[in-house]
Each structure stands twice: as C-alpha cells, then as structure tokens.
There are 2 protein chains.
Amino acid sequence: MTAEDDPKMLKTTATSIAVLEYLEETHGARVSEIAESMGLPKSTIHGHLTTLKHKQFVIQEGDFYSLGPELLRLGNKVRTRDSGYVLARKFTEQLFEETGLRSIFAAEMDGKAVFLHTASGNKMGWAHEQLGNRLYLHSTAVGKAILAELPEQRVDQIIEKWGLPAETESTITTREGLSAELEEVRNRGYAVNRGENFRELYAIGDAAARRPGDVIGGFSVTGPAHAIVETGKEEELARQVTDIVREFELELSLV
Amino acid sequence: MTAEDDPKMLKTTATSIAVLEYLEETHGARVSEIAESMGLPKSTIHGHLTTLKHKQFVIQEGDFYSLGPELLRLGNKVRTRDSGYVLARKFTEQLFEETGLRSIFAAEMDGKAVFLHTASGNKMGWAHEQLGNRLYLHSTAVGKAILAELPEQRVDQIIEKWGLPAETESTITTREGLSAELEEVRNRGYAVNRGENFRELYAIGDAAARRPGDVIGGFSVTGPAHAIVETGKEEELARQVTDIVREFELELSLV
DNA sequence: AGGTCTCGTTCGGCCATAGTGAACTTTATA
DNA sequence: TATAAAGTTCACTATGGCCGAACGAGACCT
C-alpha cells in the first residue's frame, strides 16, 4: 500500500510478499488483476505466482489464485513456539465462558501485542480474523499490563521503536503519562483500557509470566463501555481476569 | 529438504521461503547457523532475513530469528476465506465433546485434505500442530468422504496429480480399489479409515456440502483401532459424525 | 586490561537472473 | 467462426542479488 523503498531490501522477495498481501486483501485474485493493481507486467506476476504455488504459499483454482495452506502451517508455528502459548488457548476460552465478553490472549513480539487466541460468542467472523494482528502496547489493556511488568529500559526501547501514537482522544501519548499509568497498573493489579484504542471499547487485562519477571503474554476481556464500567462490574471482571491468569501461571509452572 | 530445481522458479523468493522453512523446523535460529545449514554465505542470509523482518515474516530477538506474526495473520486468512470454514470451528469442538475423540475439520485444497480445525483433550501440543498440514485424500476418512462426493473426473485429476502412495499396508493403492471404496462410502453414508494412514489409527469421517454437490470439507474423529471398532461403537460414532455434518450443513445454508 | 575468537553487519564488484514486452495459446463471448 | 481477453511462454537486457572480504561488536579467556 504505502510505497516501500527502504534500502537493503531484496526486491524479488519484497514483490512476492506484496503479491501475498494483495491476495490477502482481495481474498484471492487473477493474474491480470494483480498485475494491473501492482503496476507490473502479467509475466512478472505470473513468475511470482508460479514460485509461490510450488511452495503452497498460494493455491490455484482454475485461473484464480488465493493464499495457500503452507501459510497456515507456518503461521501456526508462531502460536506453538512457546508451550505457554498453546496452554493459553483453553484459558482464553474459559475466560470467555465466565465473562461472556470477547476474550483474547496476546503475546508481546517486537514491541507489539500479537493476538494468539481469541474467544467470542459471535458465530461468524471477527474473533478469527484478528489472529496475528498487531496492536500497540500503550493503547490496549493487555499491552499496558505487559508493559507494567517489563523493565523501564525495555519500555523505552519499545517507545523509541513505535512511538506513542494517538488512536483516540483518550490514548496516552506521553512518556510521563504512560509511566504514571503503568505505576497505577502495578498497584491495582490489572490494566484498564478506556476507549484508548477504539472509541467506546473498554477492556480489562492482566499479564502472565512463566516465572516472576518473565512475561510471556496477557489475557484481556473487551466490551462496550457500559458493559465494563457498570457499577461494580469492573472489579468483578478484573477478579475473573486475574484469577484466570493465576490459574494459567500455576499450570504453566507445572509444564 | 529434497533438492528443488524446477525451472521457472524465482530463485530469490525460493531462497527466502527456504529460510522460513528452516526457521520453522528449528524453531528459530541465528544467521550463521542458517547460512551453514543452507550452504550460503552469511551475507546472503542476512539479506533475506532483513527483508523478511521488514514484512514481519520473521522477528528478531537479539541475534535470534524466528517466524513472525504476519505469517500467522496471513495463514489465518486461509481459514477465513470461506464463511463455512469459520462456522466449522464450533462444530469441530462439539464433535469432540460428544465423542471424546480427536476431531478435525479439513477442507480440500489442491487435491489434498488441509486441517483447518482440530479439537482434542490433550492440553498440549498436537492438535494445534497439525493445522495447515496436508494429507492425502485416498488414505484418510475425511479425504475419502470428500472424494466420494466429487465427480469422477475430478477424482481422476487428483489421482493423476498425487498418485495413490501407500502409507501403510492397508492403504488403497489402485484406482479400482478406490472406486469400490468410494461406492461403499456413498452407500454407507460415511467413510472409515482403518489404519490406512497411520497403523492402528482408525477414523470415521463425513463430508459437508454448502448445497448438494458443492463440498466444502469434512469432519472426522480419530482414535486407536479398539476405540473405534469395539462392538457397536462404529455405528454410534458414525451417527454422531453424520449428525454433526447435518447440523453444520443446516446452519451453513442459513448464512 | 589486552588479546583472541566468534558472530553479525556492511560494502563493492561481477554476473546470474528477475523483469520486461511481445508472441503464442487458450478460453470465453457474440 | 470471429473477436476479444486472459493466461502462458520466450529471449534479451540491465538490474540487483550473490558473494567474499573487510569491518565492528561482544564474549571469553588468560
């Protein structure tokens, strides 16, 4: 989408990936369409698709191409790398069953929160669609919970890398504001996101560590503002979230 | 692994993918190790990693590289492409809860069965690890169930592409044998795998269609031989599987 | 501290090869 | 059957990926 002309990038690989990303956006496409959209000759695109098809990164049905199963296989390894990630699945579902709110488990990767598990009532759609998406740490409940357990130095690195961009008018955008918030999270024992990411969407999150200081990710529940801040609701939800984290950490220590 | 020197393949992209596949096998690695294993200079590998890192196909922690979240995001789109795939998740879990046996939902892609959902009692591991894996259609319960609903012509194409390799001594390896088996599947209403894929592993599967003739995938339950063939057990399990498929198809028609 | 080893990263030249446009084939449409 | 539109193949050329060597950063040892 945005023009990428960083130095030191392998153009061929970058183009192949751009093709994959195009197929993702469009839910599959044909050669000519891709070629036109990307401003490249059909023959070039054809070459990329042939290569990607060989590796099952794309599959071909007639003359229609879409993302292939090898991407699913590799992508899934990301969720399997840490045994804790795998274990987190059932706790995410349990959290949803108890609260009735959209529940997620996210891990910190490269300074962002990556959704590894989601559970929600919606039969269709969005829960699955978020997997692999990256959100900022400073504007989400899980993110702030994770940051609160990271050494200051690490927090600085992350801020230097990603900044503190405002996503709504409630987003924390200053280092001092964030420090104060993280201190509050530590005192309170859990993190709250009050529409800092999406307007009117509130969330409660807590981080989980393999052993003290070794954070592997965090859980959170998300809902419309009124569902979270209703009298007494926040404390009850917070207890449910932190209880799940405790149970998770206990079982994790036994693995 | 096996030497790939097909023509018409973009070497750069192929190498980048080989790096990804190496990182998958080793659960992450460092530059020198990859370079040595692949017989390429460090600088070359470095270039590939830099590019892949940029696109978040890999992430870097210190000087350790592993698969990145963008792979998870793209891979997940494979499970989201068809609304039926998404819907299948909860039925897969329901099937497991009812039978207590490992349950899967697989879709046919490019002549193979791709695991899109799995549910099993094991807290750890394997259920997740199979996602995205491809199995032959002729040696699995879901696969045979799917083949049984495909036009003969299509079956021929698939056999021509992948053959009928023997995976155990029970695998069906002839076109005539397969035709007879598929006919039996159609009469019986479900497919059975009697150690044709892994010795001593039996499975019962049934295919699901969006509308008659338009197969989108299939469900199956798998277990050790004795758990499936025990007196009367096969019929009971088969009923549970086919009931799930009916419910799934009903709900699918409403989407 | 100083020295050595290892590993990651940068750099410039060379030539393999990705990109290109045109020609060719196939499939769909009228 | 003719026409068009799409996919695929092909050979040429200049680009840019590959390589080896040099550089820099840590870790370890004495």
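Note that the coordinates shown come from a computational prediction; the quantities given were computed from them, not determined experimentally. We name chains A, B, ... by the order of the sequence lines, and we start the count at 1 in each one.
Between B:Lys144 and the choices B:Glu149, B:Glu183, B:Glu184, B:Glu181, the salt bridge (charged side-chain N to carboxylate O under 4.0 Å, His left out) rule is met once, by B:Glu181.
When each of A:Ser32 and A:Lys11 is assigned the nucleotide of DNA chain D with its nearest heavy atom, A:Ser32 is the one assigned upstream, toward the 5' end. In terms of position along DNA chain C, the nucleotide closest to B:Glu33 lies nearer the 5' end than the nucleotide closest to the other residue of the pair B:Glu33 and A:Lys42.
Residue contacts for A:Thr12: at a heavy-atom cut-off of 4.0 Å it reaches the sugar-phosphate backbone alone, with no base atom in range. Nucleic acid contact class of B:Glu36 (heavy atoms, under 4.0 Å, all strands): none. If you check every strand for non-hydrogen atoms under 4.0 Å, A:Tyr65 touches sugar and phosphate atoms only.
Here the side chain of A:Ser43 is nearest to one of C:dT10, C:dG19, C:dT20, namely C:dT20.
Geometrically, B:Lys53 does not engage B:Tyr65 in a cation-pi contact, judged by NZ or CZ lying under 6.0 Å from the ring centre and within 45° of the ring axis.
The side chain of B:His46 contributes no N or O atom lying less than 4.0 Å from OP1 or OP2 of C:dG8.
Listed by first and then second residue, the ring-ring contact (aromatic ring centres under 6.0 Å, His included) pairs that reach into residues 15-45 of chain B come to none, sequence neighbours excluded.
Running 5' to 3' along DNA chain D, contacts with non-hydrogen atoms of chain B at under 4.0 Å begin and end at D:dC10 to D:dG20.
Aromatic pair A:Phe91/A:Phe105: centroids not less than 6.0 angstrom apart.
The main-chain N or O of A:Ala209 is found under 3.5 Å from a side-chain atom of A:Glu249 such that the two form a donor-acceptor pair. Checked by atom type and distance alone, the side chain of A:Trp162 never pairs as donor or acceptor with a backbone atom of A:His138 at under 3.5 Å.
Separating the CZ atom of A:Arg30 from the P atom of C:dT26 is a distance of 18 Å, rounded to the nearest angstrom.
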